[in-house]
Amino acid sequence: MVREFKTIEEVAGPLMLVKQVDGVKYDELGEIELPDGSVRRCRVLEINGSNVLVQLFENSAGMNLAESKVRFVGHGVELPVSRDMLGRVFSGMGEPIDGGPRLIPEKTLDINGTPINPAARNYPSEFIQTGISTIDGLNTLVRGQKLPIFSGSGLPHANLAAQIARQAKVRGTDSRFAVVFAAVGITFEEADFFISDFRRTGAIDRTVLFINLASDAAIERISAPRMALTAAEYLAYDCGMHVLVIMTDITNYAEALREVSAARKEVPGRRGYPGYLYTDLATMYERAGRKVGCEGSITMIPILSMPEDDKTHPIPDLTGYITEGQIILSREIYRKGYLPPVDVLPSLSRLKDKGIGEGKTREDHAGTMNQLFSSYARGKEAKELMVVLGEAALTPIDRLYAKFADEFEKRYVNQGFTEDRSIEETLDLGWQLLSILPKSEMKRIKPEILERYWPKKEEETGSGAVGA
């Protein structure tokens with residue numbers, strides 16, 4: 001039942017106080033009708049007796065409080081969903097912005113979703129191929145995982161996000177794969193880049209895009225990721241699809257939370273962010289996963305830019321607690337011209353061991369992964385010694401490790417934003433790089449695997465190698 005009230009008391013920024021209200025619920029959607037007949041939307045943020053604090057979705061400019069009326073519609077913010085969402089572009093409030101018609105919904109879902117019962121969760125285990133060596137080979141992504149990308153201001157995380165959305169696939173199954181892409185608080189140029197890139201490559205056909213611009217209201221930034229997750233839940237659990245959710249930039253989302261929190265005069269927590277930031281992020285991240293008895297799954301890659309490249313900042317810090325690892329982009333590697341500039345050593349996928357091995361990737365994956373990590377770490381140490389002591393002070397084996405580190409960055413890390421490497425190509429490239437070192441140094445690979453995969457001389461293998 002719709003109830004109308006003409007008791008708007010005051011407006012402060014994105015908040016509006018309505019008095020003498022009864023029968024409304026927390027998070028309920030409201031509509032403000034202005035004297036000229038135009039309608040602006042809001043949602044209930046706080047109820048104190050008969051006073052209701054609502055949050056505006058649009059700005060309050062030109063609003064005549066005495067002549068405007070508010071009606072509450074009896075439900076929260078909802079998203080109409082349908083299989084026809086694929087290939088479409090929506091605003092952060094779920095409105096089509098691609099010039100196409102409105103959806104004919106199969107159902108309408110509350111954007112806050114319902115938490116997955118822990119007992120109903122399936123453990124993530126199937127490998128997802130992104131076509132990017134530093135992720136597939138060393139920080140493997142598995143279905144149902146939450147694997148964030150930590151970036152810095154000016155680093156090309158937008159290109160990396162578009163590359164993953166284009167290339168990601170579940171190998172060895174006929175199951176349908178979809179991408180839900182939420183761009184939160186981005187500029188018009190970035191929005192245009194994502195939309196045109198997906199259309200140019202054909203990736204748009206299996207993608208649902210939610211675009212929230214920096215010029216849009218703060219409340220829309222809070223809603224956009226939840227809109228995307230609601231669409232993902234429908235595609236995964238109702239349509240049986242494997243869905244990859246990519247959200248960029250979570251930092252903009254947290255800034256919007258801080259803006260609303262400050263307007264409500266709440267006691268600030270770390271760096272001015274609300275004390276419930278951890279809980280709020282968890283309500284989004286924990287919507288990813290796999291359900292027992294459900295064919296579909298939701299895998300999540302949130303992307304966040306770390307203010308001042310600070311990993312201890314509240315947003316990356318709290319995200320790291322909730323998710324299963326992180327991919328870190330490095331300014332140093334970016335300056336060398338290597339793309340994507342993934343910093344391998346501090347990056348981590350906590351579930352990588354669950355998605356690799358025979359039947360999933362290849363039997364030599366675990367051994368080569370550990371050996372590459374170990375060799376690259378030692379090579380970086382050798383290069384640091386070289387800077388201090390000079391190359392002449394290094395042992396012959398340390399010089400080989402230093403050479404390995406350079407080649408590893410040049411050929412393994414550096415692949416550009418258009419190359420799509422299969423996991424076999426990534427593993428073969430890893431073996432080629434390891435062959436720079438003596439066979440006796442392969443201490444992390446089982447002897448039988450080493451004998452089977454150790455590269456033979458060029459004249460013996462012919463076409464068995466993958467080029468740089």
Side-chain angles (χ1 to χ4, degrees), residues 1-5 14 16 18 21 23-33 38-47 52-58 69-98 100-116 178 180-184 207-213 216-239 241 243 245 247 253 256-257 260 280 283-288 291 296 298 300:
M1 187 181 73
V2 176
R3 301 167 305 286
E4 285 192 351
F5 303 92
M16 184 173 80
V18 188
V21 176
V24 300
K25 304 189 296 288
Y26 174 72
D27 244 5
E28 188 171 337
L29 189 63
E31 294 176 342
I32 306 157
E33 188 177 326
S38 62
V39 173
R40 298 182 190 179
R41 289 180 300 175
C42 61
R43 75 176 174 116
V44 176
L45 206 60
E46 197 175 294
I47 301 170
V52 172
L53 189 69
V54 299
Q55 189 172 10
L56 303 172
F57 286 108
E58 294 91 1
K69 55 188 175 188
V70 185
R71 54 178 172 264
F72 296 98
V73 299
H75 58 76
V77 183
E78 295 180 334
L79 175 70
V81 291
S82 156
R83 292 167 195 264
D84 297 332
M85 298 178 89
L86 291 167
R88 299 294 304 275
V89 185
F90 300 91
S91 72
M93 289 305 298
E95 300 289 333
I97 55 172
D98 55 3
R102 283 185 167 276
L103 288 178
I104 300 173
E106 291 177 21
K107 58 164 67 173
T108 304
L109 300 173
D110 188 319
I111 65 164
N112 292 306
T114 52
I116 302 176
V180 176
F181 195 99
V184 182
T207 305
V208 186
L209 275 88
F210 289 86
I211 303 286
N212 163 254
L213 297 176
D216 294 330
I219 178 63
E220 191 172 312
R221 262 189 285 301
I222 295 170
S223 296
R226 291 180 165 80
M227 290 277 175
L229 286 162
T230 304
E233 285 169 345
Y234 168 75
L235 293 172
Y237 304 135
D238 288 26
C239 305
M241 303 179 83
V243 185
V245 179
M247 297 194 289
Y253 169 83
L257 266 188
V260 172
D280 195 276
T283 59
M284 289 199 308
Y285 295 151
E286 290 297 339
R287 290 171 74 174
K291 282 185 183 177
I298 298 177
M300 191 186 297

K.L.:
Not counting sequence neighbours, which residues clear side chain to side chain contact (heavy atoms under 4.5 Å, CB included) with Glu220? List them please.
P.N.:
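Listed in chain order: Ser91, Met93, Asn212, Asp216.
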K.L.:
How close do Tyr26 and Leu45 get, counting heavy atoms only, and between which atoms?
P.N.:
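Minimum heavy-atom contact is CE1-O, 3.1 Å.
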K.L.:
Testing the basics here: between Phe181 and Thr207, what is the closest heavy-atom pair and its distance to 0.1 Å?
P.N.:
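Looking at all heavy atoms of both residues, the shortest contact is CB-CG2, 4.2 Å.
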K.L.:
Residues in side chain to side chain contact (heavy atoms under 4.5 Å, CB included) with Asp110, at least two apart?
P.N.:
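Once residues adjacent in sequence are excluded, the partners of Asp110 under the side chain to side chain contact (heavy atoms under 4.5 Å, CB included) criterion are Asn112.
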K.L.:
With a 4.5 Å heavy-atom cut-off, do Val180 and Ile298 have their side chains touching?
P.N.:
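No, too far: nothing below the 4.5 Å cut-off.
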K.L.:
Kindly write out the residues that satisfy side chain to side chain contact (heavy atoms under 4.5 Å, CB included) with Leu109, not counting sequence neighbours, or none if the list is empty.
P.N.:
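For Leu109 the side chain to side chain contact (heavy atoms under 4.5 Å, CB included) partners, ignoring immediate neighbours, are Val81, Lys107, Thr230, Tyr234.
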K.L.:
Can you measure from CD1 (Ile211) to CZ (Phe90) and round to the nearest 0.5 angstrom?
P.N.:
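Ile211 atom CD1 to Phe90 atom CZ measures 11.5 Å (nearest 0.5 Å).
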K.L.:
Which heavy atom in Asp238 sits nearest to a heavy atom in Arg83, and how many Å separate them?
P.N.:
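Residues Asp238 and Arg83, closest heavy atoms: O-NH2, 4.1 Å.
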K.L.:
Does the Asp98 side chain pair with the main chain of Val89, one donor and one acceptor, at a distance under 3.5 Å?
P.N.:
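Looks like yes, one N/O pair under 3.5 Å.
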K.L.:
Looking only at heavy atoms, what is the nearest atom pair of Gly74 and Glu28, with distance?
P.N.:
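Scanning both residues completely, I find the closest heavy atoms to be N-OE2, 2.7 Å.
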K.L.:
As an exercise, state the distance from CD1 of Ile32 to CZ of Phe5, rounded to the nearest 0.5 Å.
P.N.:
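Nearest 0.5 Å value for the CD1-CZ distance: 13.5 Å.
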K.L.:
What's the shortest heavy-atom distance between Tyr253 and Arg226, and which atoms?
P.N.:
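So the two residues come closest at OH-NH1, 2.7 Å.
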K.L.:
Which atom names give the shortest non-hydrogen contact between Leu29 and Cys42, and what distance separates them?
P.N.:
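Reported closest heavy-atom pair: CD1-O, 3.4 Å.
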K.L.:
Are any side-chain N or O atoms of Arg88 and backbone N or O atoms of Pro101, one a donor and one an acceptor, separated by less than 3.5 Å?
P.N.:
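Confirmed, Arg88 side chain pairs with Pro101 backbone.
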K.L.:
Nearest 0.5 angstrom please: Met300 CE to Arg287 CZ, how far?
P.N.:
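Rounded to the nearest 0.5 Å, the CE-CZ separation comes to 8.0 Å.
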K.L.:
In Å and rounded to the nearest 0.5 Å, what is the CE to CG distance from Met85 to Leu79?
P.N.:
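Taking CE in Met85 and CG in Leu79, the distance rounds to 4.5 Å.
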K.L.:
Going from CG on Leu103 to CD on Glu95, what distance comes out if it is rounded to the nearest 0.5 angstrom?
P.N.:
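So the CG of Leu103 and the CD of Glu95 are separated by 10.0 Å.
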K.L.:
Look up atom CG in Asp27 and atom CD in Glu46, then write down how far apart they are to the nearest 0.5 Å.
P.N.:
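Going from CG on Asp27 over to CD on Glu46, the span is 12.5 Å.
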